[in-house]
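Every value quoted in this text rests on a predicted model; they were computed, and no experiment measured them. Position 1 is the first residue of the sequence, and the numbers go up from there.
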Amino acid sequence: MLWAAARCQAPVPEELLSIAASTVSDPSAVSKLQTSDAARCLWAAATLRWAHPGFLSGAHAAVAPVLAEASPQDLSNLAWASAVLNFSPKGWVVSVADAFAHHSRFRSPQAVANVLWGLARVSEDVEGQSPRCEEKLLGALLEATAEALPGASSQHVANILWAFAKLSTCNETVLHKASLRMAALLPEASSQHIANSAWAVARLASKETLCEHLFSSVSDHLHQRVMGEDGTWQRGWSQCSPQHVSMLCWAFAKAVPRHGAARQLLRDASTRVTELALQGPIKPQERANVLWAYAECLGAWEASARPVAMLRRVVLALCTATPGSVPKAEPERRSERMATIAAVTALGRLRPELDGSTWSVAERWAAQRLHGLVSLNLLEMKAADIAAALGASTRCRLVQPRLLSAGLKELLRGEG
């Protein structure tokens, strides 16, 4: 019943949840629970976002001893559900992935994508560092991926690439095959799938030839005009959110910064950035990614042919407050502080291309954000963060006395 309710996305009465929890938690009932039943129960719980400790422990106790007997689909459901519910005691999801990777039966593209996604989701630690997985397991999963790619949908390919990027591993053969598959599927892919794939390939590709075809195809695909829901002709960018634009700009600047595909993408993206900036505030990391991308790709144009009007338009869009919005003066998390520092640094790199009025707006924005940083208790900032903030202020030729003082104290502390 729980599985059926989850399939129908119907509200589940508390009484039914209580019965399910007590039944699966009962040791006598656990011994009678089939592997497929346990997998379906966990899938249903994840779909409902219901993480009852007793239920999860009972389902785990039922399936762990007979994991080798589970079907690839059951293992896929177990990996996906456990990751969604953040449930992986003693390397549970790694064990599920290992059983899946060495299974002799057919493994569908969706199953491969789910297992990889689940493994990446639970393996990434809180600092975002590369997780530790045995090379043997990753090698087997790469083989399973190569077999599944010809029948994979755009969502499957995007999830597979995202997972390998998070796991910081993918051999050139699989990466090239996945890139070609996504390029072929672009007409059916959502903007989320496209952005995720580009971001992942940019992180994984060690050389431009591995991703050149995909990035050229993505740039051309988004550049094309399509009939929108309102009956007007629009570019593919019309469906891109600020996050998508940010990921795409970052990916192209990381992977193909001097390529013609990057020039075309950034030209088109500038229009979308302007539209989105008028619709609402842009998140710190999204702003930082976009500004960094335009600064990084300056070399894609000859110095005398740089599109300065485009650059000024992007800077004004990202450094002008949205009407009615109240910008947050002080970044709350370290990630936001670092994003602010990265954005200010990028503005410093773009400064030579900006006219006086544009730089005046950018300078005011940068000064306000740096002031917000130093308004914090500087003792909470790491030495590396203070150094980065000093570098950003120097790039923009902005003087922040408190920041300079903090930098000198760190320098003297290091010498002492």
Side-chain angles (χ1 to χ4, degrees), residues 24 30 33-47 49 51-53 55-149 152 156-171 174-175 178 196 200 203-204:
V24 177
V30 164
L33 198 63
Q34 299 294 319
T35 306
S36 58
D37 293 332
R40 287 174 180 168
C41 284
L42 277 172
W43 179 89
T47 302
R49 301 301 190 268
H52 187 283
F55 178 88
L56 295 177
S57 297
H60 173 259
V63 75
V66 291
L67 199 58
E69 302 173 13
S71 70
Q73 186 58 52
D74 289 339
L75 292 168
S76 168
N77 287 343
L78 288 169
W80 178 84
S82 298
V84 169
L85 297 172
N86 197 26
F87 178 74
S88 187
K90 298 180 180 179
W92 162 243
V93 174
V94 175
S95 298
V96 173
D98 188 69
F100 178 87
H102 296 94
H103 211 290
S104 60
R105 290 171 57 183
F106 171 75
R107 293 160 296 190
S108 69
Q110 181 179 16
V112 172
N114 283 351
V115 170
L116 282 169
W117 183 89
L119 183 63
R121 178 78 179 268
V122 301
S123 295
E124 190 177 34
D125 64 28
V126 294
E127 293 294 327
Q129 298 174 347
S130 300
R132 297 176 181 176
C133 292
E134 293 184 6
E135 290 186 11
K136 185 178 178 181
L137 169 58
L138 293 173
L141 288 172
L142 282 166
E143 290 181 9
T145 300
E147 295 173 1
L149 278 173
H156 300 151
V157 178
N159 287 349
I160 286 170
L161 285 169
W162 178 89
F164 279 128
K166 285 293 184 179
L167 293 167
S168 299
T169 185
C170 191
N171 62 41
V174 172
L175 180 60
N196 281 355
R203 286 194 59 171
L204 292 167

Open item on the list: Assess, by modelled atom type and distance only, whether the side chains of Ser95 and Asp98 contain a donor and an acceptor separated by less than 3.5 Å.
Closed with: no
Task: Heavy-atom side-chain proximity of Trp92 to Leu67 below 4.5 angstrom - done: yes
Task: Shortest non-hydrogen contact from Val115 toward Ala79 - done: CA-CB, 3.9 Å
Open item on the list: Ignoring hydrogens, what is the shortest heavy-atom contact between Asn159 and Ala113? Give both atom names and the distance.
Closed with: CB-CB, 4.2 Å
Task: Spatial distance of atom CG (Leu42) from atom CG (Asn77) [nearest 0.5 Å] - done: 9.0 Å
- [ ] Check whether any side-chain N or O of Ser76 sits under 3.5 Å from a backbone N or O of Pro72 as a donor-acceptor pair, and report yes or no.
- [x] no
Task: Leu149 side chain reached by Val157 side chain, heavy atoms, under 4.5 Å - done: yes
Task: Least distance between heavy atoms, Ala148 atom then Pro109 atom - done: O-CG, 3.4 Å
- [ ] Of all the heavy-atom pairs spanning Pro65 and Ala62, show the shortest one and how long it is.
- [x] CD-O, 3.8 Å
TODO: Side-chain contact test, heavy atoms from C-beta onward, threshold under 4.5 Å: evaluate it for Asn114 versus Gln110 and give yes or no.
DONE: yes
Open item on the list: Within this structure, what is the OG-CD distance for the pair Ser36 and Gln73, rounded to the nearest 0.5 Å?
Closed with: 11.5 Å
Open item on the list: Using side-chain heavy atoms (C-beta onward) and a distance below 4.5 Å, is Trp80 in contact with Thr47?
Closed with: yes
Task: Ile160 CD1 to Cys170 SG distance, which is reported to the nearest 0.5 Å - done: 9.5 Å
Task: Student check: side-chain heavy atoms of Val112 and His156 closer than 4.5 Å - done: no
- [ ] Measure up the His60 and Phe87 rings against each other and bin them: parallel (under 30°), tilted (30 to 60°), perpendicular (over 60°).
- [x] perpendicular
Open item on the list: Distance check, rounded to the nearest 0.5 Å: Leu75 atom CG versus Arg105 atom CZ?
Closed with: 9.5 Å
Task: Side chain proximity check, Val122 to Ser82, heavy atoms < 4.5 angstrom - done: no
Open item on the list: So Lys166 and Ser123, do their side chains get closer than 4.5 Å, heavy atoms only?
Closed with: no
Open item on the list: For the backbone of Ala46 and the side chain of Arg49, can you confirm whether one donor and one acceptor N or O come within less than 3.5 Å of each other?
Closed with: yes
TODO: Examine distances only and state if a side-chain atom of Arg107 and a backbone atom of Ala101 form a donor-acceptor pair shorter than 3.5 Å.
DONE: yes
Open item on the list: I want to check something: taking the side chain as every heavy atom from C-beta on, are Leu119 and Leu141 in contact at a cut-off of under 4.5 Å?
Closed with: yes
Task: Test side-chain contact (heavy atoms from CB on, under 4.5 Å) applied to Leu161 and Leu175, Val174, Leu116, Asn196, the passing residue - done: Leu175
Open item on the list: I need the minimum non-hydrogen distance between Ala200 and Trp162, along with the two atoms involved.
Closed with: CB-N, 3.8 Å
TODO: To the nearest 0.5 angstrom, please state how far the CG atom of Asn171 sits from the CZ atom of Phe164.
DONE: 8.0 Å
Open item on the list: Working to the nearest 0.5 angstrom, can you tell me the gap between Phe106 CZ and Ser71 OG?
Closed with: 12.5 Å
